[in-house]
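Beneath this line is the structure, given in structure tokens, with notes to follow.
Indexing begins at 1, ligand by ligand and atom by atom, following the structure's order. Values in this document were obtained by computation on a predicted structure and should not be read as measured data.
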Amino acid sequence: MKKIKIIKPDDFHIHLRQDELLNLTVPHCSESFARALIMPNTIPPIASVETLRQYRDEIAAKDKSFTPLMTFKLLKSLKKEDVLAMKEAGALAGKFYPAGSTTNSADGIKRWIEIKDLLKVMSDSGLILSIHGEDPSVFSLDREKAFIPQIEEISQEFPDLKIVFEHISSKEGVEAVENGSANLAGTITVQHLLMTLDNMIGGTLDPHSFCKPVLKSPVDRDSIQRVVLEGNSRFFFGSDSAPHLIQKKENSSGCAGCYTSPVALPLLVEFFEEHKKLDLLENFVSRFGAEFYGLPVNDDTITLEKTSWIIPDEFSGVKTLYSGRELKWKIK
Ligand code: DOR
Ligand code: ZN
């Protein structure tokens, strides 16, 4: 049987949620990923040393072999000392959510200038800035494009600040990273790599592929595929796996977020294999992100076998992307 063995990957963008849901999300994540960058849009947000430590301990207690890499949410109310204290407590990155851009972001930032002092401290202390790059005041398909000037302004103001343009979904987003400074990188999710808006609304409505930023056109998806298949080291994997209970997705006011942790790695192997670029998989999932974040690559390895399996209809009340579909690769 055909097998593939690679350095155990990292997921540089994940929503693990809280309480009971951690019993589902942490084992699913740690099966494929040795480490993951944990998003802070919980309720209350991760925005203090206490909440950061408590959340990290709660996650770590679910699986001793898994390393949560912590972030905090940038809030207008934060002080420079708070940022430094969270760095001291182990935070790797601060997350900038434009106000109203996505799940639990009402307390976000209107424009980057509001947090200029905090960005200065982050730049000086070597914290990474992680950005949900969408301007929610414009038409939904144009939100990423409309946010790019803010990324360029931040990058010019703070040339030493490392910035991650998260979950790139558009051709313009791809090009902003390609043409930006060496301190700008982008994460890519499986849904934006593989799907277009037609997967969500081209036939019947699929609420389980609804996420922010929303899926876009074939031109946008092809542009994302291009940089991944070119092996561009400025683009690396961040799933944005974001579970919501089925009743919150299949709802007249459905929540944004695709749950992908259990299926992401098999889908990626399939993608690279189909494009005859399996040799580039390990860089995308296990090296480029670690290098950008200044971390060593993981010691562990993971093996996948070419065995077909069907994605279960649900996992404890949560549906993944592509539930019911056959996958070609399985984690051993
Ligand atoms: O679709 C999304 N869901 N995008 C985000 O940025 C946040 C996430 C969530 O937390 O549900
Ligand atoms: Zn996210």
Side-chain angles (χ1 to χ4, degrees), residues 10-19 21-22 24-25 28-29 33 36-47 55 59 68-74 92-109 128-136 140-141 143-144 147 151 163-170 173 185-197 199-201 205-216 236-251 253-261 264 289 317-321:
D10 297 311
D11 180 349
F12 275 99
H13 183 133
I14 195 165
H15 301 268
L16 290 178
R17 310 300 191 209
Q18 295 156 277
D19 307 321
L21 259 182
L22 291 175
L24 179 78
T25 57
H28 274 164
C29 180
F33 306 98
L37 191 76
I38 315 299
M39 289 298 124
N41 63 333
T42 49
I43 296 177
I46 306 307
Y55 194 34
I59 295 164
L69 305 170
M70 302 309 288
T71 67
F72 58 87
K73 194 184 208 176
L74 283 157
L92 282 190
K95 178 81 186 264
F96 171 4
Y97 283 104
S101 58
T102 188
T103 309
N104 302 341
S105 64
D107 57 357
I109 307 300
I128 288 176
L129 174 64
S130 154
I131 305 186
H132 183 112
E134 286 197 289
D135 175 350
S140 56
L141 293 179
R143 288 178 185 174
E144 186 166 285
F147 193 85
I151 296 203
I163 302 173
V164 181
F165 194 165
E166 301 288 352
H167 38 59
I168 301 234
S169 67
S170 65
T187 53
I188 290 177
T189 73
V190 274
Q191 65 267 27
H192 296 105
L193 179 71
L194 302 179
M195 298 171 125
T196 69
L197 195 52
N199 289 88
M200 190 173 98
I201 57 167
L205 172 68
D206 173 19
H208 299 283
S209 55
F210 170 52
C211 63
K212 298 287 181 77
V214 286
L215 297 170
K216 299 204 169 52
F236 50 85
F237 183 62
S239 72
D240 198 15
S241 183
H244 293 277
L245 293 174
I246 291 170
Q247 59 269 31
K248 295 210 167 161
K249 296 285 294 172
E250 299 176 6
N251 181 301
S253 181
C255 295
C258 300
Y259 187 50
T260 56
S261 285
V318 179
K319 257 188 202 290
T320 64
L321 202 66

*Taking it one step at a time, do Thr189 and Thr260 satisfy side chain to side chain contact (heavy atoms under 4.5 Å, CB included)?*
CA-CA 9 Å; Thr189 73; Thr260 56; over 6 Å; no
*asked:* Heavy-atom pairs closer than 4.0 Å: do any link ligand 1 to the side chain of Asn104, the backbone, both, or neither?
replied: neither
*Residue pair Thr71 / Ile46, side-chain heavy-atom distance below 4.5 Å*: no
*What atoms of ligand 1 come closer than 4.0 angstrom to any heavy atom of His132?*
6 (O)
*For the residue pair Phe96 and Phe147, categorise the inter-ring angle as parallel (less than 30°), tilted (30 to 60°) or perpendicular (more than 60°).*
perpendicular
*Could a heavy atom of Arg17 be found less than 4.0 Å from some atom of ligand 1?*
yes
*Ligand-side contact atoms (ligand 1) for residue partner Ala242, heavy atom cut-off under 4.0 Å*: 3 (N), 8 (C), 9 (C), 11 (O)
*Any nitrogen or oxygen of Cys258, main chain or side chain, under 3.5 Å from a nitrogen or oxygen of ligand 1?*
no
*asked:* So, 4.0 Å and heavy atoms of His244: is ligand 1 close enough to count as a contact?
replied: yes
*Just how far is it from atom OG of Ser239 to atom NE2 of His13, taken to the nearest 0.5 Å?*
7.5 Å
*Polar side-chain atom of Lys249 near backbone of Cys255 as donor-acceptor pair, under 3.5 Å*: yes
_Nearest neighbour of atom 3 (N) of ligand 1 from the list Ala256, Ser101, Ser241, Pro213, on a heavy-atom basis_ = Ala256
*With a 4.5 Å limit on heavy-atom distance, are the side chains of His132 and Lys212 in contact?*
yes
*Does Asn41 use its side chain to pair, donor to acceptor, with the backbone of Asn104 at less than 3.5 Å?*
no
*asked:* For atom 4 (N) of ligand 1, what is the closest protein heavy atom, and at what distance to 0.1 Å?
replied: Lys212 O, 2.9 Å
*Which atoms from ligand 1 have a heavy atom of Cys211 less than 4.0 Å away?*
1 (O)
*Does the side chain of Asp19 come within less than 4.5 Å of Leu22's, by heavy atoms?*
no
*asked:* Students should be able to answer this: which protein heavy-atom is nearest to atom 5 (C) of ligand 1, and at what distance?
replied: Thr102 OG1, 2.9 Å
*Would you call the rings of Phe12 and Phe236 parallel, tilted or perpendicular if under 30° counts as parallel and over 60° as perpendicular?*
perpendicular
*Which distance, rounded to the nearest 0.5 Å, do you find between the OG of Ser261 and the CG of Leu24?*
8.5 Å
_Just to be careful: counting only protein atoms that are N, O or S, how many fall under 2.8 Å of the Zn ion (ligand 2)?_
3
*Verify the distance criterion only: is there a donor paired with an acceptor across the side chains of Glu134 and Ser101 at less than 3.5 Å?*
no
